[in-house]
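First comes the structure, then the notes that go with it.
Basis for what follows: all heavy atoms, side chains included, without hydrogens, waters or symmetry-related copies.
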Amino acid sequence: MRENKITEQHRRRGQSTPYYFMTREQADALLEVLGALDFTPTGGIKDEIVGIIIEESRSYLGGERTVEEVGGFIQNRVWTLVQENM
């Protein structure tokens, strides 16, 4: 698993804060996944859909899943959410 993280040491307290980033390739792939999703969120489920996208995208950014796998998981979870709220 590849992790994109930079840790910065705080001078005063000696604490570390991780800063996560993505490569340009990862950003382009994520935008491709988001562009391929076919939905128009309405009502109160919009925030839940955005949460699903964020949650599932982490597995791609962490190197655990491919873009295609993440897109499939997002599509399935959003479809289920929409069906439950009809």
message: To check you understand the geometry: which heavy-atom pair defines the closest contact between Gly71 and Val33, and what is its length?
response: CA-CG1, 3.9 Å
task: Name all residues meeting the salt bridge (charged side-chain N to carboxylate O under 4.0 Å, His left out) criterion together with Glu32; count only those two or more places apart in sequence or in a different chain, and write none if there are none.
output: none
- line: Taken in chain and number order and not counting sequence neighbours, the residues that satisfy side chain to side chain donor-acceptor pair (under 3.5 Å) with Glu48 are none
query: Taking only residues two or more places apart in sequence, or in another chain, which ones meet Val70 in a side chain to side chain contact (heavy atoms under 4.5 Å, CB included)?
result: Glu56, Ser59, Tyr60, Arg65, Ile74
query: Mind checking who shares a hydrophobic cluster with Val50, ILVMFWY linked at side-chain heavy-atom distances under 4.5 Å?
result: Ile54
field: Same apolar cluster (I L V M F W Y, side chains within < 4.5 Å links), Val67/Phe73
entry: no
query: So how far is it from Gln75 CD to Ile53 CD1, rounded to the nearest 0.5 Å?
result: 9.5 Å
- line: Given the options Gln26, Glu25, Arg24, Asp28 meets side chain to side chain contact (heavy atoms under 4.5 Å, CB included) only with Arg24
Hey, can you pull the donor-acceptor pairs under 3.5 Å for the side chains in residues 78-86, sequence neighbours left out?
| residue | atom | partner | partner atom | Å |
| --- | --- | --- | --- | --- |
| Thr80 | OG1 | Asn76 | O | 2.9 |
| Asn85 | ND2 | Leu81 | O | 2.7 |

